[in-house]
Amino acid sequence: MKATKIFSSVALVTLFAVSCKKYQEIGDTSFADQQIYMPAAVEGNSSNGIYLVNTVAVPGRVYRYTTDVAAKKLNISLAVYRSGVDTKGAVPVNVTINSDTATRLLAAGKFPPGTEVLTLGKYGLPSLVTIGDGKGYEPFNFSIYLD
């Protein structure tokens, strides 16, 4: 019985000595500011980025585009996203088109014959999209006027 008490006392002292490490406070740190980005993806095995308009959007399923027959528009769904530790505050994002890439690819023969770069007035795009407070992304449409 005495040996059990001694063993228990030694085990308790050893456990206490091992578990009492020096206290170390974890201080605050700074995190990177929120970043805004617009992801891009390539369809299936395609590496040229050319999308065929050959399917109809189905409600409740993921879609790449929809048509608005009454307004005579093809709407391509896009979105801007934010990254960072939190989603505090509303973030306004200016949206612009840079047609230089399409013009260069067209000149290099990377598109099928007869492809033309859309001119101003043939498409619509919001100039400003705001990612709301607490939201991680904001969807919008790039509209091509079918006339």
Side-chain angles (χ1 to χ4, degrees), residues 8-147:
S8 297
S9 298
V10 170
L12 188 60
V13 169
T14 303
L15 180 64
F16 181 73
V18 170
S19 66
C20 291
K21 293 182 178 180
K22 184 178 177 183
Y23 171 76
Q24 181 179 5
E25 185 172 335
I26 299 174
D28 290 333
T29 186
S30 60
F31 294 98
D33 290 335
Q34 294 180 12
Q35 299 292 316
I36 304 300
Y37 64 98
M38 192 167 108
V42 176
E43 176 182 14
N45 295 326
S46 172
S47 61
N48 61 8
I50 297 173
Y51 298 103
L52 298 176
V53 180
N54 59 359
T55 59
V56 176
V58 177
R61 290 197 175 164
V62 176
Y63 58 91
R64 182 175 303 113
Y65 53 83
T66 59
T67 55
D68 183 344
V69 177
K72 298 181 181 180
K73 293 191 297 187
L74 174 71
N75 295 314
I76 300 170
S77 300
L78 301 173
V80 288
Y81 290 77
R82 75 164 106 191
S83 65
V85 175
D86 62 49
T87 56
K88 292 180 184 175
V91 180
V93 180
N94 293 317
V95 180
T96 61
I97 288 187
N98 181 352
S99 60
D100 292 350
T101 302
T103 303
R104 279 186 300 213
L105 291 172
L106 187 61
K110 300 292 183 181
F111 293 125
T115 301
E116 297 177 18
V117 175
L118 290 176
T119 57
L120 194 60
K122 302 287 184 182
Y123 58 85
L125 186 71
S127 60
L128 180 70
V129 176
T130 301
I131 303 174
D133 185 24
K135 293 179 75 179
Y137 74 98
E138 185 64 32
F140 62 95
N141 284 331
F142 171 71
S143 299
I144 299 171
Y145 305 125
L146 297 176
D147 284 343

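- Applying the ring-ring contact (aromatic ring centres under 6.0 Å, His included) definition to pairs two or more places apart or across chains, those involving residues 74-106 are Tyr37-Tyr81, Tyr81-Tyr137.
- Expressed to the nearest 0.5 Å, how far CG of Asn75 lies from OG of Ser77 amounts to 7.5 Å.
- Side-chain atoms of Tyr65 and Asn141, non-hydrogen and from C-beta on, never get closer than 4.5 Å to each other.
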Do any side-chain atoms of residues 86-96 form donor-acceptor pairs under 3.5 angstrom with protein atoms, and if so which ones, sequence neighbours left out?
residue : atom : partner : partner atom : Å
Asp86   : OD1  : Gln34   : NE2          : 2.9
Asp86   : OD1  : Lys88   : N            : 3.1
Thr87   : OG1  : Gly134  : O            : 3.4

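- When the shell of 6.0 Å around CG of Leu120 is examined, it contains 12 or fewer heavy atoms from other residues, nucleotides or ligands.
- No side-chain heavy atom of Lys73 sits under 4.5 Å from any side-chain heavy atom of Thr67.
- Between Ile97 and Phe142, the closest side-chain pair of non-hydrogen atoms falls below 4.5 Å.
- Contact record, Pro139 with Ala79: CA-CB, 3.8 Å, taken as the closest heavy-atom pair.
- The OG1 atom of Thr103 sits 8.5 Å away from atom CG of Asn98, with the distance rounded to the nearest 0.5 Å.
- The side-chain heavy atoms of Arg104 and Asp100, taken from C-beta on, include a pair separated by under 4.5 Å.
- Here the CD1-CG distance, from Ile76 to Leu78, works out to 7.0 Å after rounding to the nearest 0.5 Å.
- Rounded to the nearest 0.5 angstrom, Glu138 CD and Leu128 CG are separated by 10.5 Å.
- Side-chain atoms of Arg82 come within 3.5 Å of backbone N or O of Lys135 as a donor-acceptor pair.
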